[in-house]
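Note sheet for the following structure.
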Amino acid sequence: MKNPSPLLRATQSPEGRHAISRLRQLLIAPELLQASLFQRRRPCGKSYCRCATSKRHHHASWYVSFSRKGRLQMKCIPQAWVEPVRQWIERYRETETLLQIISKSQWEHLKRTPR
């Protein structure tokens, strides 16, 4: 069986071309993170702290979570890291979406290619 012809720029849909262009822009910077970011409120464990007597006064901490080998991993991060980490996660999710668009475009190209 002959290899399918490569997806040439002229045969790509405008949506596919845009997705490839944006993906290249995203991959220039290495900051991508497959994870979830959330805030968790917990007591600190000190008996004299007001969080020991009231849930309302529990301390807020930011966490990043991800699954590795089927197990949930969590890492507490400082407040100063929250915005950069949020951007890394958003970039990863955008990358996933763009890859799906590119794959869809490739599938359409394969459907149009004669046997």
Side-chain angles (χ1 to χ4, degrees):
M1 184 169 138
K2 192 171 124 180
N3 286 338
S5 62
L7 188 59
L8 302 173
R9 183 171 171 80
T11 62
Q12 292 174 348
S13 67
E15 184 181 51
R17 284 195 306 270
H18 180 279
I20 290 170
S21 174
R22 179 65 183 137
L23 184 62
R24 284 184 179 134
Q25 292 171 2
L26 287 172
L27 294 177
I28 289 171
E31 293 91 7
L32 296 171
L33 183 63
Q34 181 184 12
S36 296
L37 179 68
F38 63 96
Q39 191 174 39
R40 189 173 180 186
R41 300 184 71 79
R42 299 179 61 183
C44 65
K46 297 175 184 168
S47 61
Y48 56 85
C49 184
R50 68 183 183 167
C51 70
T53 58
S54 171
K55 282 189 175 187
R56 190 177 77 155
H57 294 105
H58 283 188
H59 304 282
S61 301
W62 284 97
Y63 285 83
V64 174
S65 70
F66 59 97
S67 181
R68 180 181 288 165
K69 296 181 182 178
R71 297 189 63 157
L72 185 66
Q73 306 285 316
M74 291 194 316
K75 172 78 174 150
C76 184
I77 61 169
Q79 176 69 36
W81 291 11
V82 171
E83 197 51 42
V85 168
R86 182 175 281 136
Q87 290 173 3
W88 299 347
I89 293 169
E90 287 173 12
R91 288 169 56 91
Y92 180 83
R93 290 182 180 156
E94 185 179 359
T95 301
E96 277 188 318
T97 303
L98 292 169
L99 286 172
Q100 290 172 356
I101 292 169
I102 293 166
S103 179
K104 179 183 170 191
S105 178
Q106 187 70 33
W107 271 108
E108 293 301 320
H109 176 71
L110 283 174
K111 285 181 192 177
R112 290 189 309 266
T113 306
R115 284 182 130 184

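Bear in mind that the values here come from a model prediction, so they are computed numbers and not experimental data.
- Residues satisfying the side chain to side chain donor-acceptor pair (under 3.5 Å) test with W88, not counting sequence neighbours, are none.
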Please list, one pair per line, the donor and acceptor atoms closer than 3.5 Å that link side chains of residues 62-85 to other protein atoms, with sequence neighbours excluded.
from: W62; atom 1: NE1; to: Q79; atom 2: OE1; distance (Å): 3.1
from: E83; atom 1: OE1; to: R86; atom 2: NH1; distance (Å): 3.3

Full working for side-chain contact (heavy atoms from CB on, under 4.5 Å) between R17 and S105: CA-CA 9 Å; R17 284 195 306 270; S105 178; over 6 Å; no
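- Identified under the side-chain hydrogen bond (donor to acceptor under 3.5 Å, both in side chains) test for residues 93-104, with sequence neighbours left out: R22-E94.
- Minimum heavy-atom separation, G16 to I102: O-CG1, 4.5 Å.
- Note that CD of E90 and CG of L26 are 11.5 Å apart. Values are rounded to the nearest 0.5 Å.
- The hydrophobic clustering, which links ILVMFWY residues whose side-chain heavy atoms are closer than 4.5 Å, places L23 and I20 together.
- Between L27 and L32 there is a side-chain heavy-atom pair separated by less than 4.5 Å.
- Each ring pair (Phe, Tyr, Trp, His ring centres under 6.0 Å) pair with one or both residues in residues 16-37, not counting sequence neighbours, would appear here, but there are none.
- In terms of the side chain to side chain donor-acceptor pair (under 3.5 Å) criterion, T53 has no residue partners (sequence neighbours excluded).
- When all heavy atoms of C51 and H58 are compared, the pair lying nearest together is O-CD2, 3.4 Å.
- Residue pairs satisfying the salt bridge (charged side-chain N to carboxylate O under 4.0 Å, His left out) criterion with at least one member in residues 30-59, sequence neighbours excluded, are absent.
- Heavy atoms only, all atoms of each residue included: A19 and I101 are closest at CB-CG2, 3.7 Å.
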